[in-house]
There are 2 protein chains.
Amino acid sequence: MTKARPTIEEVARRAGVSPATVSRVLNGTARVSREKVRVVLEAVEALGYTPSPLAQSLARGRSYALGILLPDFESPFYSPILQALAHRLEATPFRPVAVPGHWSLARELEALDFLKAQRVEALILLGATVDGAPLEALGVPVVAFGERVGERVFSLLLDNREAAYRATRYLLAKGHTRIAHVSSHRGHADIRERLLGYRRAMREAGLEARVVYGDLTEAGGYRAGKELFARFPDTTAVFAANDQTAIGLRLFLYEAGLSVPEDVSLVGFDDIPLAAYQTPPLTTVRQPARAIGEVLAEAALAVLEGREPLLPKLELFLVERRSVGEVGG
Amino acid sequence: MTKARPTIEEVARRAGVSPATVSRVLNGTARVSREKVRVVLEAVEALGYTPSPLAQSLARGRSYALGILLPDFESPFYSPILQALAHRLEATPFRPVAVPGHWSLARELEALDFLKAQRVEALILLGATVDGAPLEALGVPVVAFGERVGERVFSLLLDNREAAYRATRYLLAKGHTRIAHVSSHRGHADIRERLLGYRRAMREAGLEARVVYGDLTEAGGYRAGKELFARFPDTTAVFAANDQTAIGLRLFLYEAGLSVPEDVSLVGFDDIPLAAYQTPPLTTVRQPARAIGEVLAEAALAVLEGREPLLPKLELFLVERRSVGEVGG
DNA sequence: CTGTTAGCGCTTTCAC
DNA sequence: GTGAAAGCGCTAACAG
């Protein structure tokens, strides 16, 4: 067995003071004489003492836990957000407790139960679909990304519709007219917004919309490509609801012997880390993952301190790379 | 304010029993009469009671926390392992506490301090470089992936050297002779093993080794490609220490107008999710992320229960895709 | 400034 | 079987 960690009691004894005093110097919770401070610090040092967060939490009546509900740990889009979130929390007393909802409402509900049991003080929703009652039941402030949820919830909303509209317009400007969109039934409001932006651009241009559905995974994008080119073989450009879809579809094109961007142009959404390294580098709408994570963390911290969180308007813009060509160019 | 969560006390009062009894029925920790069980369960139900893990931990003297030290949350290789790890832990009383070491020994040490403070009961090391004393200081069992660490540590070791050897042999069999390897100074033992395997295959074939260094990121792979082809323009095949490096290098090739696999063949390592979707699909050595995560979790649980963990020998095998061509083929 | 006294919410002897 | 009582390690009044 390992030697048990020292307790505040032992530190106090060794320093010849009361536990309360030790607590006070460690937390700066009240003025303590220079001398005692010194002795306490020495004892802490000598014993290698670190307070037990467990005991602290129980005594203070707070968990210092921040729940983070995300689809899963391996999503190339959400992972960087989680990374930024965790990073921002490092300097605070709060710890992230991240749980995967596995893209399923049922699993999300389970995750919420878990977070509830953990007594999280606030909840950050990343690409979740839960809403209403279950959230209320948690009884803690909620900060969401991408979805306008309930009343007492702060949402960081990016203008997906506008961005999708502009991405489609970009394709139109390049001379494309037979432009398809790969959407998804899975995923949250953002995905629907992108579809709407695409539709609007097409409608305004007097063009017919071509929509097929994937599931936001590479495999889904591949399948969608297959379906798309079976139904609309003359498509010259496709705007995918996310990068993973675009990348999956790109594999289909490769196998079908269609080149990008010569035969078909491709635009994605998200700008995941690997988008810039595709062949050709993928033109896509950049979602500022880092900033998103920081803003969400900031907002959660604000709410916890009773401040009104400010959710700055983050811009979505198209990153032009090499996957889009000019028609007849 | 939200209503405070009910305590065991309230449940007991409502059921007309003592808190001890409530605890007993909830934990099956002792025999309780049918009648009381019923009443207690009813009260629990009515109040929507969930025990506080905090209080439980304190009272039981254990944290149920499993530390997981990994490079960062956004690595396409480690994320899936974390995902599997977390998944395996879901059905257990243990919770994963994952902290990023940011590929830096200093940050890893900080992370360890944090985990120590959290009183984790065991530690799982994913691609970490810490070793020896700091680990001993934690005073808990350690399960590591990829690195043979200290004495009291269980390591899941895959034969990277052999796999790299075989990957290089594969390239040789395809007729390549001017084969380069992109290694890295960053990263742990695995990376060095891969270099050794490559060297051995080259030596045995009586060929000159061509080694350049990246940093395991796409950007590093790109830079390495630049350096490689400046120094050895006639290279026809490159074996990269990981997929991200290969993908970065592939961008360099694309920009340089060299096609894969016609002009240069490419082999990666890891088989990250996106490898199969590169253009062309990347031939790579598959590391079974899912299995790795599960085995590590299993091992940690075993150690915690006092059992000898069994670390099955997982195989590394080459996944042939389309990024390798035959010389003169 | 500082020690004493109560707990935080739960588990676990220890008796009955 | 079951309740009373004593903590787990720490903080937070409450008196001095």
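We name chains A, B, ... by the order of the sequence lines, and we start the count at 1 in each one. Remember, predicted model here, so these are calculated numbers, not experimental data.
Mapping heavy-atom proximity under 4.0 Å, the span of DNA chain D touched by chain B runs 5' to 3' from dG1(D) to dG9(D).
The distance between atom CG of Leu58(A) and atom P of dA6(C), rounded to the nearest whole Å, is 19 Å. Regarding Leu26(B), its CG atom lies at a distance of 7 Å from the P atom of dT11(C), rounded to whole Å. Distance Arg5(B) CZ to dC8(C) C1': 15 Å, rounded to the nearest Å. One atom, OH of Tyr64(B), and another, P of dC10(C), lie 14 Å apart when rounded to the nearest Å. Atoms CD (Glu35(A)) and P (dT2(C)) sit 10 Å apart, rounded to a whole Å. Separating the CD atom of Gln56(B) from the P atom of dC8(C) is a distance of 17 Å, rounded to the nearest angstrom. Rounded to an integer number of Å, the gap from CZ of Arg60(B) to C1' of dT13(C) is 16 Å. Atom CZ in Arg119(A) sits about 12 Å away from atom C1' in dC8(C), given to the nearest Å.
For the 3.5 Å distance criterion, the side chains of Glu74(B) and Ser79(B) fail to qualify, holding no donor opposite an acceptor. Remark: the Ser52(B) side chain and the Arg119(A) side chain contain no N/O donor-acceptor pair separated by less than 3.5 Å. Between the side chains of Glu108(B) and Thr129(B), at least one donor-acceptor pair of N or O atoms lies under 3.5 Å. Thr50(B) and Arg5(B) share a side-chain donor-acceptor pair at under 3.5 Å.
Closest to the side chain of Ser23(B), out of dT4(C), dT11(C), dT2(C), is dT11(C). For Ser33(A), whose side chain is taken as the heavy atoms from C-beta onward, the closest listed nucleotide among dC1(C), dG7(C), dT11(C) is dC1(C).
Thr21(A) comes within 4.0 angstrom of sugar-phosphate atoms only, judged by non-hydrogen atoms across all strands, and of no base.
Checked by atom type and distance alone, the side chain of Asp215(A) pairs as donor or acceptor with a backbone atom of Thr217(A) at under 3.5 Å. Judged purely by atom type and a 3.5 angstrom limit, Ser75(B) has no side-chain atom pairing as donor or acceptor with the backbone of Asp72(B).
The side chain of Ser57(B) places no N or O atom within less than 4.0 Å of a non-bridging phosphate oxygen (OP1 or OP2) of dC10(C).
Nearest-nucleotide positions on DNA chain D for Pro53(A) and Arg24(A) put Pro53(A) closer to the 5' end.
Comparing the local axis fitted to the first five base pairs of the helix from dC1(C)-dG16(D) to dC16(C)-dG1(D) with the one fitted to its last five gives a bend of 40°, rounded to 10°.
Counting non-hydrogen atoms of other residues, nucleotides and ligands closer than 6.0 Å to CD of Glu45(B) gives a total of 12 or fewer. More than 12 heavy-atom neighbours from other residues, nucleotides or ligands sit within 6.0 angstrom of NE2 on His102(A).
For the residue pair Thr21(A) and Val32(A), the shortest heavy atom distance occurs at CG2-CG1, 4.1 Å.
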